[in-house]
Structures are given as C-alpha cells and as structure tokens.
Amino acid sequence: MSREFPIGLTPPDWLVRNLQPHRAPLNRSAMARAALGMSLPLAIGLAAGQPAYGALASMGALSGVISDTADAYRMRVLNIAVPQLFGALGVTLGAAVYGHGWYAVAALTAIALVSGMISTIGAVASVSGLILLMNSVIGAGLPLPGAWWVAPALMTGGGLLVLALALLAWPLRAGIPERAAVAAAYRTVADLLAACGDPGRYVTARYAVTQSLNRSYDTILSHRARHHGRSPELTRLLAQLNAITPVVEAAPAVHLTGRPLPVEVPEAVRHLAEVIERGRTGARSHIGRGTPRNLNPPRDPNLALDTNPDVDPDPTSHLPAPTTETARAMDHAVRHAAGVAAGPDVDPRGVDDHLGGFAAPGTRTARAARGVLLSAGSWHYGLRLAVCIGIAQALVSLIAVPRSYWVALTITFVLKPDFGSVFSRALLRALGTVVGLVVAAAVLAEVPPGWWSVPVMLLLAPLIPALTPRGYGYQTAAITPVILLLSDILNHKGTALLLPRLLDSLMGCAIALIAGYLLWPESWHTRVGDRLADAVADTAAYVEAAFGPKTDPAGHARMRRRLYRDLSAIRTEFQRALTEPPPTGRRAAAWWPLVVAVERIVDATTAARVRVRHGSPPPSSAEIGQVTLQLRELAEGVRRAEHLTAVRTDPTGPSGSVLEPLRQEVATARAITTRH
C-alpha cells in the first residue's frame, strides 16, 4: 500500500515541474541523422589514422544536431548552416588566444557580450550565438591539432554533413513539411470547433490553435521572404492558412453561446486538412457556395490529385443549415475555407500574410543589427553573459582547474533565458551532468579506444534528439557522455575526466546562479504583469479598430494574430516563471487567473466583431469609447502593480449590446485584481 510523504519530505511544486519530462514524439529521422552524422566522421578519422580530426568533425556535427530542429527543408538550411558559420568564427577566435592568459579572458568576455546580444534577435540567431560562444570556449580551452584553419574546417564540415543528411529527401519530399504544417493548423482548428461550449476543453484547444498557427505562419512566411517573387506553392499554402482565420474568429462567438456545434462542422474542417496535406486541390466540383467546377489538373506535381474514391468530394455538402447569426458566421467561414482549399490557382496580389509584410533579407538584417545595438534588452543580456564568462575565465586563470573550459561551457548553456528559467537550467544542468557522468563512466571504463568508439557513438548520438524535447536536464544527460567520449579521443584522459567535469559543471552552475541570476533584481520579478498590461492595451486598440468608422479586414486579422501570439508568449513566460522557487513562482501563480481573463477579453472582442459582420447592430461610438477607456484603465492598473490590486472599471452599458459579453469579461478581470 502506498504512503504519502510526510509534509517535510514532500518536494515543492516548482521542483516537481522542473523534473517533469515534457511529452513529445520521437523524431526518428533526426535520430538517424545524429547517429550517422556523428559516427561517420569518427570512422573516417580512424580509417585515415587521424582520430583527433574525426573527433573535431564529430564535435561540429554535434552543433548541427543541436540546430536540427526544423521540419521544412528550407528552414533546415537556415537553422543548421548559419550557426555553422558562427561556429567556425568562434573556434578560430578561441584558438587564436589559446594559452594567452588574460588576453584569452578579455577575448572570451567580448565574444560573450556579442553572443548574448545577437541571441536576442530570434531563434536562429540565438542558436548561432550559442554555437559562437561554445566553439570559442572550446578553441580557447583545448589544444587543437593541425594548422589554425584545420579545426574550423573540420567542425564546419561535420555540421554541414548533418545538413546534407537532413536535405537528402528534399527532391522527393519538397513541399510536404509545409503542407503538413498548414494541415496541422486546420486539425487544431477542428479540435477547437469540437470544444465549443465546453469551457475546459476550449481553453486548451484555443492555445493549441495559437501555437499551431504561429508555427505555420513562421514556416510559410520565412520561406516566402527569401524568394524575390512569390512561389506559387507557398502562395497557395499562405492563402489556405489565411482562409482558416475567419473560422478561428467565429469560434469565440459560437463558444459564448454555450452550445456545441454540430459534429459535421469540425469534421468538414478535418477533411480540409486531409485535402491540403495530400495536395488534392482543384478536384472537387462545388466545394463552398458558388465555387465553380474546375476540370484542369493541378500543375504542381507535388500537389498531384488523390483519386481515393472513398473521400467525400464535398465536405460542406453535409453542413446543416444555419439558423442564428453565429451559425451563419461559422457556416460562411467554413465554406470560404473549403473554396480556397479546393482552388488550384491563387492570385498572389490578393494574398496578405496576416502578420504584416516580411522585408527582404538585407533589410531585415539591417533592422536586426540596429535593434541589437539600440535595444536595452540586448545589452542587458549580453552584459550578464559577459560578466559570468569573464568571472569564469578569470577564476580558472587564477586557480589551477583541469580542463577548465568546461566551466565556461556550462555557463554558456545555462545562462540562456530565451531557452527557459536560468535557475531551472542551472539545477537541471547539475542533475543532468551527474546522470550523464554515470553513463560516461561506464563508456570510458569499458570501451577500449579506437574503433569501438564508432558503435558507441551510433548508440549515444540518437539520444540527443530523442531526449532534447523532454527537457533541458534530459538533453544534458544525453550530451555529456558524447562530449566526454570526444574529449577522451582528443586528450586520452579516460575516467580521469569524470571528477573534474563534475566539479567544473558545479562551478559553472554556481557562477551562473550567483552572477547571472541572484545579483540581478529582475530575476526575482516576473515579467508577466508588464506583458499582460501591454496585451490589454493592445486589446483596447483592437476594439477601436474593429468597431471604428474605417474597416480594414486585413489589418484586423493582423492585430488579432499578434494579440494571440503575444498571449501565447505570456503563457510561455508564465510556465517558465512557475519553475522558479518562491517568491517568483508564487507571484507568477497569482497572475494566472488574470492571464486567462485577458484571453477571454480578446475572445469576446473577436466574437462581438463577428456578430456585427453578420447582422447584429454595431455599438455606438460612446459605447466603444467607454469599453476602450475601461481596458486602458485596467492596463495601467496592471502595469503599476507588483502584486494584483483593485482596478477601477465601470462595466455598465446598454443592455443587449454586442459588447455586453466584453464588458462582463472586463468586470471579471476587475474582480480578479480586487481579490488579490
């Protein structure tokens, strides 16, 4: 019979959240690429009589494996190739100051500043900054074989080998990952429609829709931005992605009625997901109202017609006749999405990206550079990272620490706030290192040097992409034995590496916690409040734009998408804050009801706009002004509060107005702030 822990032995919630693995499917293709990409360089090096060269190339392949996170082939080129260029620069600069004492300290501190600053630009820049600093530390801490250019060439070659493996199927599968992303967005929308009327399921489904749409738009738009013209395939996918927006906008209006949709509606959207994923466009006779029959086959071979006779040629033919304004809105939105999904051709001039236009790569690079140089946030994070790296390098220069580069490497991985909580990563790094050292001890003690390293790498390398999605501690446990095996090939220390690695990791975690976390006041405050206030203020602007005298459907769609994207980021920030120890985690938990309330406010605004578009009387200017004033007062109250306090708002207004649900949600938010 199971027994409960005594109160004093019960682990705190924040620790349980840190140790709890995330659910994620196994990416078997990435695992295969990791196994082959990291073991093949070792085999070639051993065959050539240069095992150290093979180990360096395998280290470069490790960088490629870490960067190999994209499904779409075009994104893989960007995600893997760009960090390799920064990695080559990093190992060159690090090797140039190897053994130069305080010059090495100054150089790595400066590189850490640059690495931290560029990491604030975006996901690819963040990984590039990580690889830049990581390879600089390796170059400055390890004696690398060969001329100055050998190590950069080998490490870059290892990373490019992973890229080549990742692109092998591109000629056969071009366009499939992009279509799968759009189809996945449609499926999450179908789940949202099935959850309408069920408060518990609806919130979870809406968050999944936001995440899926974010991923899909990022995939499609980042590809299109690199084309001088518009690719017909990407334009079609973008139009299909845009076509689901009215369905998403109609969902809150349906949900507020408290009644579920007929099952035919979500099933029709699921069918459209199959249409998009399999490329069955231009084949149906009359999907959607007024859609003409198209007898021409699709011109793109990747979008070949699926002639499965069991597939319903028109999923909208079974939709029930709408009887209310919200039902009409949903019916119209689903039929519109079906018509776009069925269309073989799309006029690129009529396709807006719903997130604002993406500038040319050169323009975006210039903007990013200006943003980094002028942003207080980028300087702030860069200085934090530089201080920690400087302290670590100065410490190991004054104290004899064997293979001291591991201290700075630990800080490099731990002090990445965009990857999660610094406190949590320090804790998980220490725990993951201990587990990884146990595995490494068995490998280094039992596996003789030489060719046996190749099959061992074949077994260890796939664990990196398999465990990385589970959490940072699991990733650390997978990476640690791999790096130690490669280090042993370079310096032949065997099990003598284990204890120094543990001490180095603990030193790095301690420096990151003290100099990069505890000594910075904002580490003890959650940013959820400020971001919530911004979202509420943006919602006020959305209300004005949605019901104002000037109508701009594309502008409304962009505002709504950005609002939901911001709320998704707030949820992510909230989840990170919950893994912090008290008082930060406790403060974040206190904000959670207000996070939900703000999401409901945005939903109510969208629902009111949909009702007006489909027959409800529009609100008066005075009513719009009153609601926006209430929202801005709420935003200012939230912005000023370190703890939730009462915020003055007035929820009164004309009875029967489309804005009545919105006023009630604002009143609910006020009640939440008052209770706290």
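Because the structure is a prediction, the values reported are computed rather than measured.
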Problem set entry | Worked check of salt bridge (Lys or Arg N to Asp or Glu O under 4.0 Å) between Arg236 and Glu178 | CA-CA 11 Å; Arg236 181 186 298 110; Glu178 291 86 347; over 6 Å; no
For this session: Kindly indicate, with the supporting measurements, whether the criterion side-chain contact (heavy atoms from CB on, under 4.5 Å) is fulfilled by Leu659 and Phe547.
Result: CA-CA 10 Å; Leu659 295 188; Phe547 304 106; 3.8 Å; yes
Problem set entry | Intermediate values then yes/no, side-chain contact (heavy atoms from CB on, under 4.5 Å), Met330 and Leu193 | CA-CA 10 Å; Met330 182 60 70; Leu193 300 185; 3.5 Å; yes
Problem set entry | Residues Asp538, Arg562; criterion side-chain contact (heavy atoms from CB on, under 4.5 Å); working and verdict | CA-CA 9 Å; Asp538 291 343; Arg562 284 171 178 153; over 6 Å; no
Exercise. Passes side-chain contact (heavy atoms from CB on, under 4.5 Å), Leu631 versus Val543? Steps please.
Worked result: CA-CA 10 Å; Leu631 287 170; Val543 171; 3.9 Å; yes
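Atom NE2 of His318 is separated from atom CD of Glu264 by 8.5 Å, given to the nearest 0.5 angstrom. Within the model, atoms CG of Leu463 and CZ of Arg470 stand 11.0 Å from one another, a figure rounded to the nearest 0.5 Å. Between the OG atom in Ser621 and the CD atom in Glu544 there is a gap of 10.5 Å [rounded to 0.5 Å]. Note: Met31 CE to Asn27 CG = 8.5 Å, rounded to the nearest 0.5 Å. Annotation: the span from Thr539 atom OG1 to Arg560 atom CZ amounts to 12.5 Å, rounded to 0.5 Å. The distance from the CD1 atom of Ile601 to the CD atom of Glu665 is 7.0 Å, given to the nearest 0.5 Å.
Ser568 places no side-chain N or O within 3.5 Å of a backbone atom of Tyr564 that could act as its donor or acceptor partner. The backbone N or O of Ala185 sits less than 3.5 Å from a side-chain atom of Thr188, completing a donor-acceptor pair. A donor-acceptor pair is defined here as one N or O able to donate and one able to accept, closer than 3.5 Å; no such pair exists between the side chain of Tyr186 and the backbone of Glu274. One N or O on the side chain of His255 and one on the backbone of Gly197 form a donor-acceptor pair closer than 3.5 Å. Side-chain atoms of Arg76 come within 3.5 Å of backbone N or O of Ala166 as a donor-acceptor pair. Of the possible polar contacts, one joining the Ser216 side chain to the Ala181 backbone as a donor-acceptor pair under 3.5 Å is found.
At a threshold of 4.5 Å between non-hydrogen side-chain atoms, the residues Gln211 and Arg206 do not count as touching. Considering only heavy atoms from C-beta on, Pro619 comes within 4.5 Å of Val658 through its side chain. Side-chain contact between Ser67 and Val127: present, with at least one pair of heavy atoms (C-beta onward) separated by less than 4.5 Å. Within the 4.5 Å cutoff, no side-chain heavy atoms of Thr210 are placed close to those of Leu567. Side-chain contact between Gln630 and Leu634 is absent, with no heavy atoms from C-beta onward closer than 4.5 Å. Looking at Leu165 and Asp68, their side chains never come closer than 4.5 Å, going by heavy atoms from C-beta outward. In this structure, Asp566 and Asp534 have side chains that are not in contact, with every pair of non-hydrogen atoms separated by 4.5 Å or more. A 4.5 Å side-chain heavy-atom check between Leu563 and Thr605 finds every atom pair outside the cut-off.
Here the shortest heavy-atom pairing between Leu272 and Val334 reads CD1-O, 4.4 Å. Taking both residues in full, the closest heavy atoms of Ala194 and Pro266 are given as N-CB, 4.1 Å, listed atom of the first, atom of the second, then distance. Closest non-hydrogen pair, Val248 versus Val189, comes out as CG2-CG2, 3.7 Å. Across every non-hydrogen atom of Cys196 and Leu261, the tightest pair is SG-CD1, 4.4 Å. Of all heavy-atom pairs between Ala341 and Gln240, the closest is O-NE2, 3.8 Å. Residues His336 and Ala243 come closest through the heavy atom pair CD2-O, 4.0 Å.
Salt-bridge check for Asp191 with Arg270: passed, with a basic side-chain N closer than 4.0 Å to an acidic carboxylate O. Between Glu277 and Arg179 there is no salt bridge, since none of the side-chain N atoms of the basic residue sits less than 4.0 Å from a carboxylate O of the acidic one. Salt-bridge check for Arg613 with Glu249: passed, with a basic side-chain N closer than 4.0 Å to an acidic carboxylate O.
The environment of Arg600 atom CZ is sparse: at most 12 non-hydrogen atoms of other residues, nucleotides or ligands sit within 6.0 angstrom.
Remark: Arg571 qualifies as a cation-pi partner of Tyr207 under the 6.0 Å distance and 45° angle criteria applied to the six-membered ring.
For the residue pair Asn242 and Tyr217, a side-chain donor N or O sits within less than 3.5 Å of a side-chain acceptor on the partner.
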